[in-house]
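So the structure is just underneath, and the comments pick up after that.
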Amino acid sequence: MLSFYNTLTKKNEEFKPINSPNVSMYICGPTVYDYFHVGNARTFVLADVIRKYLEYKGYNVKFVMNVTDIDDKIIKKANEEKNSTIDVATKYSIAFFEDLKNLRIKEATLYPKATDHIEDMINMIKTLVDKGFAYNVNGNVFFDVKRYKFYGKLSGKNIDELESGARVEINESKLQPLDFALWKKAKEGEPFWDSPWGKGRPGWHIECSAMGCKHLGETFDIHAGGNDLIFPHHENEIAQSEAATNKPFANYWIHFGFLNINKEKMSKSLGNFFTAREILEKFSPEAIRLFFLQAHYRGPLDFTDELLASAEKGLEKIKNLQDTIKNRLKKSNQKGVIPEFDFDSFEQKFNGVMDDDFNTPQAVSIIFDFIREINKAIAENNSIHIDFYKKINNFMEKIAGSVLGITKDKSLQTERDSLLEDKLIEILLDIRFKAKREKNYPLADEIRNKLVEVGITIKDTKDGTDYFRDN
RNA sequence: GGCGGCGUGGCCAAGUGGUCUAAGGCGAAGGUCUGCAAAACCUUUAUUCGUCGGUUCGAAUCCGACCGCCGCCUCCA
C-alpha cells in the first residue's frame, strides 16, 4: 500500500487515484529563460523517480510538465540578448529537453507551453471575473484573495499575518497587497495577446491552473514541485482553480527539498548555482541521480563536488556488477549451478520502503545489499548457469534501472560494443591464458597492460577472464 | 514578527517508542582470494543519536527548555 506525505493535509496519506489504474500527475516545469541548474535537476529527477515507481506499480501515469515560455524573465533576457522572446524561449527549451534526456529522465506524456494556451487562460480568467473573484484595473486583472475563503490552506499561512509581514510589493491598484496578477497589461514593446481587458499577457500562476485543468481534468491526482513553490505559486493555483471550478484542484501535493550550496539555497537570484549541463560534464547522470536518491526527497541536500565524487565511486559497484553480468551472459553455459537466491525478498523490501513515502535512501541501500549478496554468490560458485545471470540482470534492470535510473545506460553500451572487437579481445585473452598456464607472466602482463592502454580492463575470475571497457 | 524544517560515526545519509550496542554509500585500517593485478568478499571504524531536563517498564524516536543551522512569507525547483 503506497502512502506519502501530502503537503495539503500535512500528513502521510494512502494514495488513492481518482480513476485507478490511471494516475494524473502535474509537475511545474521550467521558465525557459536560461539553462536550468542542479537544484532544478534534483526536482526533475525526483519527480521522474516517483513517476517511474508508480508505473512500476502498474499505474498508467499521465505525466504533464509545463514549459513557461512567456514571462517577465524571458522578456528581460530577450532585451539583454537583443533577441525576441520566442528565440529566447526556443533556445532554452531545446537546452531543457537535452538536459532532461542527459539526466535519463523519461519523457513526459505532454509538455504544454503557456503560449499555446492563452485562450484557455483567458477563459478561466473570464470565469473568475464573472464570479467576482477577480477584478480589472486598467487592463490588469487581479485575483482577490479575500474573496476565496480558503486562501492559505496549502501553505498554512494566514492572510492577515502575511500582510503584517510587509514584504509584499506595494501596488496601488490592488485591493490588497496579496492579490496577484491573472492578466498583465502589455507595456510598450512587450509581446501581447488580445483579451477582453485589452492587450497583455497572462500572469505566471494562471498557466498551471489552465493547463492542468485542460490536460488532466479539473481535479487530478498529484501536483508536484519544489518547496519554494508552495507559496505563493501553488497557493495561488489552488485559489484560482478552485474558485473557477468549485472542485478540488489536485488531491495530493508533493514538494521537494532544496539543493543547497554551503547550507544555503541554490538559486538563480543568489547566483550560487551550477547548471545541470556543467555538472553533467564532470559526473555521470547515474551518479548525479544516485546522489539525489541517497537523501530523502523532502529534506535539504548540500551539493559539493566531493559528494558527487563519492556517489560516482559508489556507482562503480553497480557498474562492476553489470560488467560482470554482461561478460557472463556472453559465455556462461547452460550447465552450471543456479545458486539459491531469494530475489523476491529483495523486491518486497524495495517495494516496502518505496511505498513508505518514497524512501529512496533505503531503496538504494537495498540495492547495495543485493549487490553484496550477489557478488558473494558469484564468488562462491565455480560454474554458474546462465539463467542465474539473467535473473540478476532482470532484477537490476527492473529496480535499479527502470525505476531509479542508476544502472549504466544500455543504449550507450551497445553502441560501443562491436562483435568483431569482442572476438579480437577474446583471442588475446586466450593467448594470455595459455601464457599464464606456461607461467609466462611477462607476456600475460604485457597483454593486460596493452589492453588497459586502449581502455579495456580485465579481471581474472574463477569462471575465466572478464573484460570491460572503461567509460 | 508569522509559518515550517533540521542538528545521527571522519564525510554524506536512513531510521521517529522495544527487533537500534543505529541501514546504506564514501573514506580509513587490517585480512581473504590472485603469479601479480583488478574486482569481490570478510573484519574493524557511533554502547551512541546538538545540550539539559521530563514522560515511560523502555526514547535517537514523545514532551519542555536552551543552543546552533536553514527555508518560506518577494521572482525562484
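Every heavy atom of this structure was used, including side-chain atoms; hydrogens, water molecules and symmetry mates were not. In what follows, chains are A, B, ... by sequence order, proteins preceding strands, each numbered from 1.
Taking the six-membered ring where tryptophan is involved, the planes of A:Tyr56 and A:Phe350 are perpendicular, since the angle between them exceeds 60° and thus also 30°. Below 30°, between 30° and 60°, or above 60°: for A:Trp253 and A:His255 the angle between ring planes is below 30°, a parallel geometry. Classified by interplanar angle (parallel below 30°, tilted 30° to 60°, perpendicular above 60°), the ring pair A:Phe36/A:Phe44 is perpendicular. In this structure, A:Tyr53 and A:Phe358 have perpendicular ring planes: the angle between them is above 60°, well past the 30° mark.
Backbone-only contact: A:Leu307 has heavy atoms under 4.0 Å from sugar-phosphate atoms and none from a base. Looking at heavy-atom distances under 4.0 Å, A:Lys376 makes contact with sugar-phosphate atoms alone, never a base. Contacts of A:Phe258 with the nucleic acid, taken as non-hydrogen atoms under 4.0 Å apart, include base atoms. A:Gly39 comes within 4.0 angstrom of a base, heavy atoms only. Within 4.0 Å (heavy atoms only), A:Arg448 reaches at least one base atom of the nucleic acid. Using a 4.0 Å heavy-atom criterion, one finds that A:Lys317 contacts the sugar-phosphate atoms exclusively. The residue A:Lys157 sits close to a base: some heavy atom pair falls under 4.0 Å. Nucleic acid contact class of A:Asp369 (heavy atoms, under 4.0 Å, all strands): sugar-phosphate only. At the heavy-atom level, A:Asn375 lies under 4.0 Å from the strands shown only through sugar-phosphate atoms. No engagement by A:Ile367 is indicated, since no non-hydrogen atom pair under 4.0 Å with the nucleic acid exists. A:Arg432 comes within 4.0 angstrom of a base, heavy atoms only. Contacts of A:Ile458 with the nucleic acid, taken as non-hydrogen atoms under 4.0 Å apart, include base atoms.
For A:Lys349 and A:Phe346, the positive end sits near the middle of the six-membered ring, less than 6.0 Å away and at most 45° from its axis. In this structure, A:Lys157 satisfies the cation-pi test against A:Phe231, with its NZ or CZ atom closer than 6.0 Å to the six-membered ring centre and inside 45 degrees of the ring normal.
Ion pairing of A:Glu286 with A:Lys319 is absent here, as no side-chain N (NZ or NE/NH1/NH2) approaches a carboxylate O to less than 4.0 Å.
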List every contact pair, protein side and nucleotides 14-18 of chain B side both N or O, where the distance is under 3.5 Å.
from: B:A14; atom 1: OP1; to: A:His296; atom 2: N; distance (Å): 2.7
from: B:A14; atom 1: O3'; to: A:Asn359; atom 2: ND2; distance (Å): 3.2
from: B:A14; atom 1: O2'; to: A:Gln362; atom 2: NE2; distance (Å): 3.4
from: B:G15; atom 1: OP1; to: A:Asn359; atom 2: ND2; distance (Å): 3.0

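For B:G71, the OP1/OP2 oxygens have no side-chain nitrogen or oxygen of A:Lys263 closer than 4.0 Å. Between A:Lys313 and B:G25 there is no side-chain N or O to OP1 or OP2 distance below 4.0 Å. In terms of phosphate contacts, A:Asn320 brings a side-chain nitrogen or oxygen within less than 4.0 Å of OP1 or OP2 of B:A40.
The only option from A:Arg104, A:Lys106, A:Arg289 that meets the salt bridge (Lys or Arg N to Asp or Glu O under 4.0 Å) definition with A:Asp48 turns out to be A:Arg289. Of the residues A:Leu229, A:Ile27, A:Leu259, the one that meets the side-chain contact (heavy atoms from CB on, under 4.5 Å) test with A:Thr43 is A:Ile27. Each of A:Asp422, A:Asp323, A:Asn327 was evaluated against A:Tyr467; a single residue qualifies, A:Asp422, per the side chain to side chain donor-acceptor pair (under 3.5 Å) test.
Environment of NZ in A:Lys153: crowded, with over 12 heavy atoms of neighbouring residues, nucleotides or ligands closer than 6.0 Å.
Secondary structure note: stems in RNA chain B built from 3 or more consecutive Watson-Crick or G-U wobble pairs under 3.5 Å occupy B:1-7 with B:67-73, B:10-12 with B:24-26, B:27-32 with B:40-45, B:50-54 with B:62-66.
Nucleotides B:A37 and B:A22 have their P atoms positioned 34 Å apart, rounded to a whole Å. B:G10 and B:G5 have their P atoms separated by 28 Å, with the value rounded to a whole Å. Using atom P as the reference point in both B:A29 and B:C70, the two lie 35 Å apart (nearest Å). As rounded to the nearest Å, B:C72 and B:A65 have P atoms that lie 26 Å from one another.
The distance between atom CD of A:Glu312 and atom P of B:G27, rounded to the nearest whole Å, is 12 Å. A:Ile318 places its CD1 atom 10 Å from the P atom of B:G25, with the value rounded to the nearest Å. Rounded to a whole Å, the CG atom of A:Leu315 is 11 Å from the C1' atom of B:G25. The CG-P distance, from A:Asn260 to B:C11, rounds to 18 Å in whole Å. Between the CG atom of A:Asn449 and the C1' atom of B:A38 there is a distance of 12 Å, given to the nearest Å. Spacing between atom CZ of A:Phe231 and atom P of B:G2 amounts to 17 Å, rounded to whole angstrom units. In this entry the distance linking CG of A:Leu290 with C1' of B:G25 reads 7 Å, nearest Å. Across the protein-nucleic acid pair, A:Asp305 atom CG and B:C12 atom C1' stand 14 Å apart, rounded to whole Å.
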* To do: Begin from the C-alpha positions of A:Tyr35 and A:Tyr92 and carry the test ring pair (Phe, Tyr, Trp, His ring centres under 6.0 Å) through to its verdict.
  => CA-CA 6 Å; A:Tyr35 300 113; A:Tyr92 293 108; 5.2 Å; yes
* To do: Check step by step if ring pair (Phe, Tyr, Trp, His ring centres under 6.0 Å) holds for A:Phe341 and A:Phe370.
  => CA-CA 10 Å; A:Phe341 201 90; A:Phe370 172 84; 5.7 Å; yes
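Between the side chain of A:Asn227 and the base of B:G5 there is no donor-acceptor pair of N/O atoms closer than 3.5 Å. A donor-acceptor contact under 3.5 Å is formed by the side chain of A:Asp460 with the base of B:C36. Below the 3.5 angstrom threshold, one finds no donor paired with an acceptor across the side chain of A:Lys462 and the base of B:C33.
When each of A:Lys10 and A:Ser310 is assigned the nucleotide of RNA chain B bearing its nearest heavy atom, the one mapping closer to the 5' terminus is A:Lys10. Along RNA chain B, the nucleotide closest to A:Glu316 and the one closest to A:Phe291 are compared, and the more 5′ of them pairs with A:Phe291.
Residue side chain A:Tyr441 meets the stacking definition with respect to B:G35: its ring centre sits within less than 5.5 angstrom of the base's six-membered ring centre, and the planes differ by less than 30 degrees.
When distances run from any side-chain atom of A:Lys459 to the nucleotides B:A38, B:C72, B:G24, the shortest one goes to B:A38. For A:Leu259, the side-chain atoms get nearest to B:A77 when compared with the rest of B:A77, B:C75, B:C73. Among B:C72, B:C75, B:G71, the nucleotide with an atom closest to any side-chain atom of A:Glu264 is B:G71. The side chain of A:Leu301 has B:A13 as its nearest neighbour among B:A77, B:A13, B:C41.
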